[in-house]
Number of protein chains: 2
Amino acid sequence: MTTAKPSSRHPRSRGAGRPSGDDGDLRERLLDVAAAQFARTGIEATSLRAIATEARVTPAMLHYYFGDKARFTQALIEERLLPAVAPLREHLEQAGDDPRALVEAFARGVGEIVARNPWLPPLWVREVLCEGGSLRELMFSRVVPNLPQMLAQRFAVAQARGLLNAALDPRLLVVSLVGLTLFPAAGAPIWRRAFGAEELDTDALLNHTLALLDHGVGAAESGDSS
Amino acid sequence: MTTAKPSSRHPRSRGAGRPSGDDGDLRERLLDVAAAQFARTGIEATSLRAIATEARVTPAMLHYYFGDKARFTQALIEERLLPAVAPLREHLEQAGDDPRALVEAFARGVGEIVARNPWLPPLWVREVLCEGGSLRELMFSRVVPNLPQMLAQRFAVAQARGLLNAALDPRLLVVSLVGLTLFPAAGAPIWRRAFGAEELDTDALLNHTLALLDHGVGAAESGDSS
DNA sequence: TTAAATTAATTCAATGATTAATTACATGCA
DNA sequence: TGCATGTAATTAATCATTGAATTAATTTAA
């Protein structure tokens, strides 16, 4: 055992002898590369080898910095997923009780998060939404604990005050809202492919979503209020 | 080479000596098991061994009936995915030009398909929507060739006639529609988990979606028309 | 010269793919 | 009717490859 073993915790310490002629912290780079690759291929289907290769290092580096794959994904969650999603909560808490404001806050918040972390939607869809996803439990217990319930609750209050379409179910509205925002983001490449080469304009999507939620599909009788 | 080799094509033929004390065609069963497992774990991350194990047979059976993994998934697409999705096209073609009717036809069609093939939404989300999905190209070229464009086109026509909210983009409306229908279906387990133990009622979801698309989130001024 | 950072090489299990042997039935033939 | 035989269906066993995890050796800078 002459090997240096950071085993449980990150080495971090700068200043030590590191031959890395590369850019910033390798540890960070590994997380970034992994986030992108996990989003592309899925966590289970992505080999540590592939990550290491894309990061131009040996697979052993992953073991050096993170231990095993489980702890690696754990680190990814702690240091990428959680910080990325955190702003959404604030967005929502700042929004008033008006359901339209809530909806807009949610859609705008998701939009910003996605803009900053393009890898997030595919990862979320794959690993949280789907049944066998690796991040299911974690997402619920740590990332957005009872955020869906909180949102539904506020919709329910708005509905009781007559501010929300009475035909809607507050909880299903949350589901719809997520579907309208995260789903298109996750599928951006596909829409591009389906509807010609144009990039999916996130601003346009946001406005469209709000317009849809404002009036529905029927021809609007009054002007919009955005 | 004393081995029987159906190599290129399905053996199919009944009447021959088959020790299988099991139920129907093993070939079919393998496809069903695989569909479920692929939906749960993802195609890449699912081993042939796992499929064989769950089907209570040897991995060699997969090779016997299908060849390699690529041809196996190909068969799954041809014999499960394509037939499953086919009805949607008819549904849409029968619907009139009224956007509400179109929307309802789509939502109802998706609902029926999902009810019949619970494995479809997760598989679709994973393998078609996401970038690294294995079925991307195939889906577009074979399963629903230019169906999105067709839908968008009809929305555009309706819009030109003043039947559709002018603030909407026909193509983005298609995106929203898919998000509102497929996404909740794919995430059914999660909503169950998020909002207590109740099953996600697909009928309720359908009605909710239609209500949302009819009037938006604002308090409705007129009675519903369902 | 010391310790962090990194590479190279190794081990072990799992996977995809394949082959050879085995089973069970159906049919032809006596 | 009963037996031999061919063939589809299936299992057991094998092989090469890949992946995760580990260890030892090497580089680099403080």
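Chain A is the first sequence line, chain B the second, and so forth, proteins listed ahead of strands; every chain is numbered from 1. On a predicted model such as this, the values are computed, not experimentally measured, just so you know.
Atom CG of B/Leu48 and atom P of C/dT18 are 11 Å apart (whole Å). In this entry the distance linking CG of B/Asp25 with C1' of D/dA8 reads 12 Å, nearest Å. Following rounding to the nearest Å, A/Arg27 (CZ) and C/dA4 (P) show an atom-to-atom distance of 16 Å. Note: NE2 (B/His63) to C1' (D/dA9) measures 15 Å, nearest angstrom. In this structure, B/Asp68 atom CG and D/dT17 atom P are separated by 16 Å, rounded to whole Å. In this entry the distance linking CG of B/Leu26 with P of D/dT11 reads 8 Å, nearest Å. B/Phe66 has its CZ atom 15 Å from the P atom of C/dG16, to the nearest Å. Residue A/Ile51 contributes atom CD1, which lies 12 Å from atom C1' of D/dG19 at whole-angstrom precision.
Looking only at side-chain heavy atoms (C-beta outward), B/Phe195 and B/Ile190 stay at 4.5 Å or farther from each other.
Each of C/dA17, C/dT6, D/dA21 was ranked by its minimum atom distance to the side chain of B/Lys69; first place goes to C/dA17. Here the nucleotide nearest the side chain of B/Ala60, chosen from C/dA17, D/dT11, C/dA5, is D/dT11. Ranking D/dA21, C/dT7, C/dG16 by closeness to the A/Val57 side chain, first place goes to C/dT7.
In terms of heavy atoms, A/Arg49 sits closest to A/Pro59 at CG-CG, 4.0 Å.
The side chain of B/Tyr64 contributes no N or O atom lying less than 4.0 Å from OP1 or OP2 of C/dT18.
No donor-acceptor pair under 3.5 Å is formed between the side chain of B/Thr58 and the backbone N or O of B/Met61. Checked by atom type and distance alone, the side chain of A/Arg116 never pairs as donor or acceptor with a backbone atom of A/Ala84 at under 3.5 Å. For B/Thr41 (side chain) and B/Phe38 (main-chain N/O), no donor-acceptor pair under 3.5 Å exists by modelled atom type.
Across the interface with DNA chain D, nearest-nucleotide mapping of A/Arg49 and A/Pro59 shows A/Arg49 to be the residue nearer the 5′ end.
For the residue pair A/Gln37/A/Thr46, the side-chain donor-acceptor check at 3.5 Å is not satisfied. Side-chain N/O atoms of B/Glu78 and B/Gln74 include a donor and acceptor closer than 3.5 Å.
Of the residues in residues 37-47 of chain B, those with a non-hydrogen atom less than 4.0 angstrom from any atom of DNA chain C are B/Thr46, B/Ser47.
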